[in-house]
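Order of listing sets the numbers, starting from 1, for every ligand and every atom in it.
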Amino acid sequence: MGSVLQSMPAFINWLQQTPFSLTVATVIWIVPLVQTVHILGIALVMGSIVLFDLRLLNAGMRSLSLAAAGQRFLPWLWFALPLLLLSGLLLIIGEPERSLTNPLFYAKMIMVLTAALISWCLQRALRKRPAGGLVFRFFALVSLALWVAIVFAGRWIAYV
Ligand code: HEM
């Protein structure tokens with residue numbers, strides 16, 4: 001890990017001089033367009049995960065079974081995450097130093113991985129325990145907190 005971080009400045013230097021990075025950085029409409037895609041992806045993730053987690057917490061949509069809630073809401077999460085990854089990568093390519101030197105960016109990535117893993121495990125665990133339970137409710141709360149923290153970290157990157 002140490003040597004990866006040591007070689008980061010050289011990587012950033014190389015990346016920001018590639019024609020692709022220069023194009024993303026200088027063509028005036030590319031970054032706003034990519035940011036728009038990122039924001040739409042965030043809306044999809046938060047919309048689907050809030051509804052799924054609230055259902056797990058028994059806080060709404062009780063007419064849907066837990067499994068039906070997973071089937072209805074989570075495909076939007078799995079659709080939006082690759083969109084966020086792609087648009088996020090393009091933002092990094094356009095301005096590598098901004099994110100790659102920022103500890104908040106790495107914290108955000110770890111939280112994205114953890115939150116996605118929790119949502120995936122919850123979805124799978126529902127097949128064996130369709131009635132849910134306390135453990136499901138606990139992880140629904142952790143998941144909600146993580147996704148909100150991810151949005152906060154994403155916004156905060158601009159100020160650190
Ligand atoms: C999956 C991989 C992801 C990557 C590589 C990524 C990368 C980025 C980058 C590079 C930025 C620009 C930060 C800046 O320069 O200020 C950004 C912004 C942001 N990201 Fe992500 N992101 C990812 C996923 C997510 C997810 C899952 C969420 C939340 C559900 C999220 C929420 C945000 C927010 C709220 C912003 C600020 C948007 C703005 O102010 O226009 N990101 N992301």
Side-chain angles (χ1 to χ4, degrees), residues 1 4-57 59-61 69-125 136-160:
M1 187 68 188
V4 172
L5 286 180
Q6 267 169 14
S7 54
M8 198 50 95
F11 174 69
I12 291 172
N13 222 359
W14 166 80
L15 184 58
Q16 65 196 2
Q17 283 168 35
T18 57
F20 190 38
S21 172
L22 289 170
T23 306
V24 174
T26 53
V27 176
I28 194 158
W29 51 265
I30 295 184
V31 168
L33 179 71
V34 175
Q35 282 175 337
T36 303
V37 172
H38 209 69
I39 290 168
L40 292 174
I42 296 164
L44 283 179
V45 165
M46 295 313 287
S48 58
I49 209 64
V50 165
L51 292 178
F52 177 61
D53 285 345
L54 286 181
R55 177 62 193 94
L56 283 180
L57 289 164
M61 292 151 296
Q71 277 159 14
R72 180 167 303 179
F73 301 127
L74 290 181
W76 293 104
L77 175 69
W78 307 128
F79 168 74
L81 279 180
L83 216 62
L84 281 161
L85 181 63
L86 193 73
S87 51
L89 285 178
L90 280 171
L91 291 174
I92 293 171
I93 289 169
E95 209 179 342
E97 198 168 359
R98 195 176 152 109
S99 293
L100 296 180
T101 56
N102 193 326
L104 265 175
F105 168 74
Y106 296 99
K108 178 181 152 185
M109 288 302 100
I110 290 170
M111 288 192 289
V112 169
L113 280 177
T114 312
L117 190 69
I118 290 177
S119 301
W120 185 77
C121 288
L122 284 172
Q123 186 177 19
R124 283 189 67 96
F136 285 77
R137 290 205 283 279
F138 171 75
F139 280 106
L141 271 183
V142 174
S143 152
L144 270 181
L146 271 176
W147 288 111
V148 171
I150 291 164
V151 174
F152 185 58
R155 222 28 302 268
W156 204 8
I157 289 172
Y159 302 93
V160 175

Asker: If you take all heavy atoms of G60 and R55, which pair is closest and at what distance?
Answerer: O-CD, 3.3 Å

Asker: Closest approach of W147 and V112, non-hydrogen atoms and distance?
Answerer: CH2-O, 4.4 Å

Asker: Side chains of I92 and R98: does their closest heavy-atom pair fall under 4.5 Å?
Answerer: no

Asker: Considering L84, I42, L146, which one's heavy-atom position lies nearest to atom 32 (C) of ligand 1?
Answerer: I42

Asker: For F105, I'd like to know if atom CZ has over 12 heavy atoms of other residues, nucleotides or ligands within 6.0 Å.
Answerer: yes

Asker: For atom 7 (C) of ligand 1, what's the nearest protein heavy-atom neighbour? Residue, atom name and distance, please.
Answerer: G88 CA, 3.5 Å

Asker: Where is the nearest protein heavy atom to atom 14 (C) of ligand 1: which residue, which atom, and how far?
Answerer: R98 NE, 3.2 Å

Asker: Does K108 have a heavy atom less than 4.0 Å from any atom of ligand 1?
Answerer: yes

Asker: Should you measure from each heavy atom of A158, which atoms of ligand 1 turn up under 4.0 Å away?
Answerer: 16 (O)

Asker: Identify, for atom 30 (C) of ligand 1, the protein heavy atom at the shortest distance, and state residue, atom and that distance.
Answerer: V45 CG1, 3.9 Å

Asker: Which residue supplies the protein heavy atom nearest to atom 4 (C) of ligand 1, what is that atom called, and how far is it?
Answerer: M109 CE, 3.4 Å

Asker: Evaluate side chain to side chain contact (heavy atoms under 4.5 Å, CB included) for M8 paired with T101, printing each intermediate quantity in order.
Answerer: CA-CA 8 Å; M8 198 50 95; T101 56; 5.6 Å; no

Asker: Check whether S48 reaches the backbone of V45 with its side chain - one donor and one acceptor, N or O, closer than 3.5 Å.
Answerer: yes

Asker: Under 4.0 Å from a heavy atom of I92: which atoms of ligand 1 are those, numbered in the order shown and with their elements?
Answerer: 10 (C)

Asker: Which is closest to atom 29 (C) of ligand 1 in terms of heavy atoms, V160, L90, I150?
Answerer: I150

Asker: Among L104, N102, I157, I39, which one puts a heavy atom closest to atom 41 (O) of ligand 1?
Answerer: I39

Asker: Identify the two heavy atoms, one from S87 and one from V34, that lie closest to each other, and give their separation to 0.1 Å.
Answerer: O-CG1, 3.2 Å

Asker: Going by heavy atoms, is R155 under 4.0 Å from ligand 1?
Answerer: yes

Asker: Could you find the nearest protein heavy atom to atom 10 (C) of ligand 1 and give me its residue, atom name and distance?
Answerer: S99 OG, 3.3 Å

Asker: To check your reading of the model: name the closest protein heavy atom to atom 12 (C) of ligand 1, its residue, and the distance in Å.
Answerer: L91 CD1, 3.9 Å

Asker: Please test S119 against I49 for side chain to side chain contact (heavy atoms under 4.5 Å, CB included), starting from the C-alpha separation and ending with a verdict.
Answerer: CA-CA 8 Å; S119 301; I49 209 64; 3.4 Å; yes

Asker: Apply side chain to side chain contact (heavy atoms under 4.5 Å, CB included) to L81 and L85, showing your working.
Answerer: CA-CA 6 Å; L81 279 180; L85 181 63; over 6 Å; no

